[in-house]
Each structure stands twice: as structure tokens, then as C-alpha cells.
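Reading through the C-alpha cells given below for one structure.
Chain letters run A, B, ... following the sequence lines, proteins first, then strands; residues in each count from 1. Note that this is a predicted model, so its numbers are computed, not measured.
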Number of protein chains: 2
Amino acid sequence: MTSTEPGAAEQGARMRVDLQAVADAASVHRSTASRALNPATRHLVAAEAVARIEEAARALGYRRDDLAASLRTGRSYLIGVMVPDIVNPIFAPILQGVETALAKQGYSALVANAGNDAKRQLSVAEQLIGRRVDGLILATSAEDDPVVAMCVAQDVPAVLVNRSERASRLPSVVSDDFEGMKLAVEHLVSLGHTRIGHLAGPSHLSTGLRRRAGFEAAMKALGLDAGVIVTASAYQRGAGAMAAAELLDRHAVTAIAASNDLLALGAYRALSGMGLSCPRDISIVGHNDMPLVDMVSPPLTTIRIDPTNMGERAAALLLDWLGSPPGMEPRATQQVMRPSLVVRGSTSAPFSPPSATSWPG
Amino acid sequence: MTSTEPGAAEQGARMRVDLQAVADAASVHRSTASRALNPATRHLVAAEAVARIEEAARALGYRRDDLAASLRTGRSYLIGVMVPDIVNPIFAPILQGVETALAKQGYSALVANAGNDAKRQLSVAEQLIGRRVDGLILATSAEDDPVVAMCVAQDVPAVLVNRSERASRLPSVVSDDFEGMKLAVEHLVSLGHTRIGHLAGPSHLSTGLRRRAGFEAAMKALGLDAGVIVTASAYQRGAGAMAAAELLDRHAVTAIAASNDLLALGAYRALSGMGLSCPRDISIVGHNDMPLVDMVSPPLTTIRIDPTNMGERAAALLLDWLGSPPGMEPRATQQVMRPSLVVRGSTSAPFSPPSATSWPG
DNA sequence: ACCGCGTTTGCAATCGATTGCTAAAATCGT
DNA sequence: ACGATTTTAGCAATCGATTGCAAACGCGGT
């Protein structure tokens with residue numbers, strides 16, 4: 001008569017403890033047990049019964065099946081989160097923010113690594129919806145995004161984070177990319193630079209577009225040539241290195257404002273490939289202040305955004321939406337967060353006098 | 001009588017298209033429609049009917065409710081993945097590997113940022129199980145892990161990744177931490193170092209423990225003093241900086257083998273705080289080769305593991321388990337992956353002759 | 001003793017898909 | 001043409017919890 005497991009049912013064949021089992025143990029009906037175990041309906045059952053039921057649940061090791069509950073209630077308490085590339089360090093803090101904000105309200109994140117291809121993104125989104133997520137957070141959206149179109153068409157609550165969308169069909173939380181680039185340009189100009197190039201991000205993404213626009217506007221406002229722009233094909237180091245090499249090859253600049261830290265790091269590589277040094281020969285400003293860029297050589301001057309907070313806000317926005325009565329949805333809240341400049345070692349006053357360098361053309 | 005939406009049902013109040021709706025449209029029974037739409041059971045229904053049903057499904061925009069299916073079949077096709085800190089760059093590639101391997105078989109990852117606290121980890125695990133995940137992948141496990149205990153006790157399929165567990169109660173996929181540290185030590189010794197310190201990771205984690213053991217064994221095998229060890233309180237830069245400062249304060253070493261890249265970067269900070277330079281005064285070897293450590297200054301010599309592949313293998317192991325008949329589970333497969341040394345700029349021959357430096361004691 | 005009112009509880013339908021079983025239909029062999 | 005198979009399709013139970021409705025109960029007032 002060794003009691004093999006504390007709290008286990010008598011019979012050897014261990015069976016699932018469902019609500020029925022708890023109800024039986026407490027001699028009440030399933031429905032009563034359900035109400036007793038749910039804080040929101042607990043007041044409907046006698047205090048004495050609640051105690052008995054809770055005790056039984058504890059003793060049996062009952063754990064409610066959220067799946068079944070979701071089916072009945074129509075809410076899964078799951079939020080689908082789509083990122084284009086989970087390895088890109090910029091997304092980790094966003095995910096963290098989203099996660100903590102969701103967890104606080106009992107939601108979980110279903111993270112999907114959707115890649116950059118629109119078709120795949122669409123199918124990933126369909127998968128998520130098939131899993132009955134209550135809503136979507138998209139860090140993937142392009143300027144004219146099919147996934148957004150689908151969400152709108154099918155009434156799937158969704159918010160955009162980090163990247164927004166031309167038509168603003170959904171709420172979004174983004175950094176003020178225009179302003180951020182202005183900070184970068186003004187910083188460089190204040191150091192004495194006048195010939196500044198822009199390493200632009202992909203033009204189908206709002207960040208690429210807005211930052212480029214910010215660059216052009218800031219340069220023009222200061223009476224400088226805003227024409228030195230090369231666009232990288234993707235937000236990746238390799239693409240940044242190629243674009244930077246092209247830019248340096250064709251234009252005599254003393255500084256580069258990059259659309260993104262990864263592009264800036266790519267520019268580092270291009271520089272060293274050409275035997276140039278940063279910031280002696282060329283100053284570089286990045287964008288995002290992603291983890292570890294303070295440790296690279298030279299430490300990267302960049303525009304700081306607060307991705308964790310961005311993620312939190314996006315999640316909060318979505319939860320608001322889910323909590324608001326039909327018809328009252330916050331369709332088009334566009335939250336724009338203020339970026340800031342963080343000066344490190346990759347920028348300095350131009351070293352060589354503008355006319356002293358030699359270049360073709 | 002404007003037909004507002006193509007393919008939408010006639011009535012204005014748009015209702016969910018469920019299997020019943022499709023069945024009605026194709027004039028068959030629910031069950032027939034279910035079978036026709038499921039590749040595994042499609043052969044049970046006449047080809048002509050399949051066509052009709054598929055057409056109806058397409059026209060109505062039917063999407064199957066995985067939630068309901070899961071309830072009935074008992075499989076959610078969801079795998080819970082627990083990481084201690086999603087912002088730690090080492091985990092992103094692991095997640096990526098897990099994700100792609102899972103996706104290949106129609107599974108999705110439910111990623112949870114569980115923190116370092118055992119109690120919270122336990123509650124997060126309970127949450128995941130409550131969501132009826134089919135299994136768990138744990139990147140969090142300590143040497144004696146309560147979550148592991150729970151999984152074993154409750155028969156929840158789970159595999160460990162990156163960190164293993166003393167008792168090997170579950171399958172795991174880890175790097176050969178012992179061997180990795182041996183590579184690091186041998187590299188330093190081959191450069192001429194003899195007084196080498198170890199920046200150890202937390203001793204409740206297998207990585208901290210095994211790497212430390214590897215350090216000690218390698219040093220002893222080479223007839224060197226294996227006693228210079230300081231343990232960091234966590235795998236974080238700050239903790240690494242503090243531990244490194246203490247180590248350098250108390251011992252005259254010419255090189256440090258760190259248990260982890262983050263600790264190595266912390267050591268960088270400690271060095272510069274003491275006015276020392278790497279590798280001139282002190283050589284440093286990291287561990288993991290996480291993203292961007294090739295760009296820091298100096299570029300970090302480190303031990304490369306293949307976290308993406310690790311994640312893929314862990315996922316594959318779990319899926320094998322789930323697919324194998326009861327009683328045939330691969331309870332204790334321990335996969336150990338071979339690490340490799342990647343030499344960069346943070347290590348060099350000791351600069352100053354061992355006896356020339358001055359230190360107290 | 002009866003009525004009315006408020007509190008507890010039970011009943012049974014429901015969410016949407018899957019599947020064992022069985023009946024009907026189609027096919028085949030002789 | 002008839003019985004034996006093999007396909008194909010329908011029926012109904014099932015997964016586990018939630019919830020509208022109504023019955024039962026307790027209590028105080030008259």
C-alpha cells in the first residue's frame with residue numbers, strides 16, 4: 001500500500017483531471033466548479049462551495065484547458081507577432097517589450113519569423129490567424145503591405161511597430177524617423193561637415209523612406225547638397241558595405257549618415273577595405289542604437305530609439321483595441337516616439353581640408 | 001440588393017464560415033468536408049466530391065479553426081520555448097533554428113521570456129502547459145532544474161538546448177563546453193601564456209560548470225596553475241566587468257579565458273577602466289561567438305558554437321519524440337556538438353616578460 | 001402558511017472540427 | 001442477376017470548458 005504519488009488519483013491508469021473530475025470530487029456540477037474557479041464569476045457561488053472546489057482542484061492537480069476555454073469563449077489570449085528576421089538585434093528588445101506588456105494581461109506572444117518575402121509573410125499571417133490569435137503585431141510592414149490589407153479586409157485587429165505604412169490603415173508605434181535623421185545631420189554639420197552622404201535603407205520600408213526624407217530636408221534646410229544618396233538593398237551589414245563602397249567611390253564626402261546601425265557597421269567594413277579610417281577620414285552616424293554598438297570600434301555615434309518601450313506601447317494599443325466595444329476601435333492611432341542623439345567615437349570634425357583630398361571627377 | 005462582397009454569403013451579417021457552411025455549400029455532410037480537406041483522409045472521399053468541396057471552401061474563404069481541431073485531436077502543434085532573456089544575443093539564432101525546424105513540420109513556437117528566477121520559470125512553464133503545447137524546449141535549465149522535474153513528473157515531452165542538466169533526465173543538445181574551454185586554453189598557451197585566469201559563469205548552470213571544469217583540466221594537463229578563477233554572478237557585461245576587475249586586482253595573469261562572450265566584453269570594460277589594453281597587456285578569449293563580436297575592438301577571439309544548428313537539432317529531437325509511439329520515447333539522447341576556435345584580435349603573445357610586471361603579493 | 005425576492009446551483013446547448021461505426025451505394029465476380 | 005466486396009458518405013459522440021436559462025432553496029414579511 002505504498003502511496004506512489006501524493007495527490008494522484010487512486011486508480012493506476014492516470015487520467016486527465018478535467019473540470020468534471022474536480023466537480024465530482026467536490027460534489028458539485030461542472031458548471032459550478034467552472035464558476036468557482038473563475039475569479040470573474042466566483043461571486044456567483046457560495047463561499048463554502050468555492051473553498052471546497054478549490055481544495056479539490058488543488059488536491060487533484062487540476063489545470064484548466066485554455067484551449068477548450070478559448071474555443072468556447074472565442075478568445076485565445078494569443079497575439080501573433082511577426083518579425084522579418086529574429087536574428088536582427090533590433091527586434092529582440094521590441095519583442096521583449098511586447099512580451100512583458102502582453103504577459104501583464106494574461107496574453108502570450110506567438111512569435112513568427114516571417115522573412116522579407118511578402119508572399120511568405122502572407123502565408124505566415126494566415127497561419128497565425130488560423131491559430132485564432134486575438135490580434136497581430138507587425139514589425140514587418142512595408143509601405144504598401146499585403147498583410148495589412150488582409151488584416152483590414154478580414155477585421156483582424158493588428159498594430160504596426162517600428163515600421164509604419166503609407167495609408168495608415170492600422171494603428172502604429174514608430175520612432176520619428178524624419179526627426180532622427182535631422183538630429184544626425186545637424187550633429188555632423190555642427191562638427192563642421194558639409195559634404196555628407198546618406199546610406200539609405202530599402203525604399204519600400206517606411207524607415208528607409210522617412211529617414212531619407214529627413215536627411216534631404218535637413219540638408220536643404222542647412223543649404224547643403226542633399227543629393228549624395230546610395231540605397232542599400234536590405235538592412236544588412238553586407239548590403240551596407242556594398243552601398244557604402246559605392247558611395248565613397250563616387251562622391252567626396254567627409255561623413256555618412258546611415259539609415260540603420262547595421263548599414264553603418266557595413267560602412268565600417270567598406271572603410272577598412274579602402275584603407276580609410278573612421279572617424280579620421282570619414283565620420284559615421286548610425287540609427288537605432290542597437291545592442292553592442294557601443295562596443296564596436298570606434299563606438300558608434302547613433303540615433304537612439306527605445307525599442308522596448310515601442311514594443312510595450314504597441315502591445316498596449318492592441319490590447320486597448322481588443323478591450324474596446326465594437327465600433328469604438330482606435331482604428332488609426334499613430335504614435336510617434338522622439339529619438340535622441342547619442343554621441344560616441346565614430347564622429348569627429350573633418351580632419352582633412354575639403355579641397356585637399358584627391359578623387360576622380 | 002447590391003452584392004457587397006465577392007464570395008461572401010448573401011446575408012448582411014457576415015457570419016463565420018465554418019466547416020458546416022462549406023459542407024452546406026457543397027451539399028455534403030460536415031464529416032465528409034472535414035475528410036476532403038484533410039490530406040491524410042482525403043482518399044476516403046470521391047475525387048469528384050473533393051473537388052466540389054475544395055471549390056466551396058475557396059469560394060467562401062474557409063479557414064479551418066486549428067483551435068477546435070486541437071481540442072478534438074489533443075495536439076496543438078504548438079511548442080513552448082523558454083529562454084531566460086530574449087535580449088541576450090545568443091538566443092536569437094537558437095530561436096531561429098528552432099523556429100525553422102518546427103515550421104517545416106507545421107509546428108509553431110510559443111516563445112516565453114522566462115527570466116532567471118526559478119519560481120517565475122515554473123509559473124511560465126505551467127502557463128505554457130495550460131495552453132496545451134505539445135512539448136517544451138528549454139534554454140533555461142539550471143543544473144538541478146525544477147521545470148525539468150515538473151516536465152518529467154507530468155510526462156510533458158521536453159528537450160534542453162544549450163544548457164544541460166546534471167541528472168540528464170531529458171534529452172539535450174549542447175556544445176561540448178569542456179572541449180571548448182580546452183581549445184581556448186590551448187590557444188593561449190600556444191601563444192606563450194602561462195599565467196591564465198578564468199572568468200567563470202554561474203555555477204548553477206551547466207555551461208558555467210563544464211567550462212570551468214574544462215579550464216581546470218586543460219591547465220592541469222599542461223602543468224599550469226588552474227587556480228586563478230573568479231565567478232561572475234550572471235552572464236552579463238556588468239557582472240563580467242566586476243569579476244574581471246577582481247581577477248586582475250588579485251592575480252598577475254597575462255590572459256583571461258571567459259566563460260561567455262558577454263563576460264569577455266565585460267572584461268574589456270574592466271581593462272579600459274584600469275588603463276590596460278587588450279591584447280597588449282592582457283589577452284582575452286570569449287565563448288559562443290555571438291553576433292557582432294567580430295566588430296568590437298579588438299575583434300574578439302572566441303569559441304564558436306553553432307546555435308542555429310543547435311536549435312534545429314533540439315526541435316528535431318522533440319518532434320521525433322512526439323512522433324514516436326508511446327514507450328519508445330528517446331528519453332535521454334544527449335547530443336554534444338563540437339565547438340571550434342576562431343582567432344581574432346583579442347589574443348596575442350604576452351607582451352611583457354612575466355617577471356617584469358609589478359604587483360603586490 | 002404563503003408570497004416574493006435574492007442567492008445558489010444544475011441543466012443543457014454551444015464553440016468547430018475529428019473520427020469510429022455503420023449504412024448506403026457502387027463495383028465486381030461468377 | 002445475385003451475393004460478396006469495396007468505396008463513399010452520414011450519424012453522432014467527443015474533446016473540455018463556458019454560460020443563458022430556469023429550477024431550487026433560503027429567508028423575511030404578512
Sugar-phosphate, base or nothing in reach of B:Leu67, heavy atoms under 4.0 Å: nothing
Residues from residues 27-39 of chain B lying under 4.0 Å of DNA chain C - heavy atoms: B:Arg30, B:Ser31, B:Ser34, B:Arg35
Earlier contact from the 5' end, DNA chain D, for B:Leu44 and B:Thr73: B:Leu44
Verdict with reasoning, B:Arg58 to B:Glu55, per salt bridge (Lys or Arg N to Asp or Glu O under 4.0 Å): CA-CA 5 Å; B:Arg58 230 188 24 67; B:Glu55 167 56 22; 3.1 Å; yes
Closest non-hydrogen atom pair, B:Leu67 against A:Leu71: CD2-N, 3.8 Å
Sorted by number, the residues of residues 124-132 of chain B with heavy-atom contact under 4.0 Å to DNA chain D: none
Boundaries of the chain A footprint along DNA chain C (any atom under 4.0 Å from a heavy atom): C:dT8 to C:dG16
A:Tyr107 side, atom OH; A:Leu322 side, atom CG - distance, nearest 0.5 Å: 5.0 Å
Reported OG1-to-CG distance for the pair A:Thr308 and A:Leu95, which is rounded to 0.5 angstrom: 10.0 Å
First encountered from the 5' end of DNA chain C, between B:Thr41 and B:Ala68: B:Ala68
B:Ser70 and B:Arg132: side chain donor to acceptor below 3.5 Å: no
Rounded distance in Å - CZ (A:Arg42) to P (D:dT19): 15 Å
Check: A:Asn113 main-chain N/O paired with B:Glu99 side-chain donor or acceptor under 3.5 Å: yes
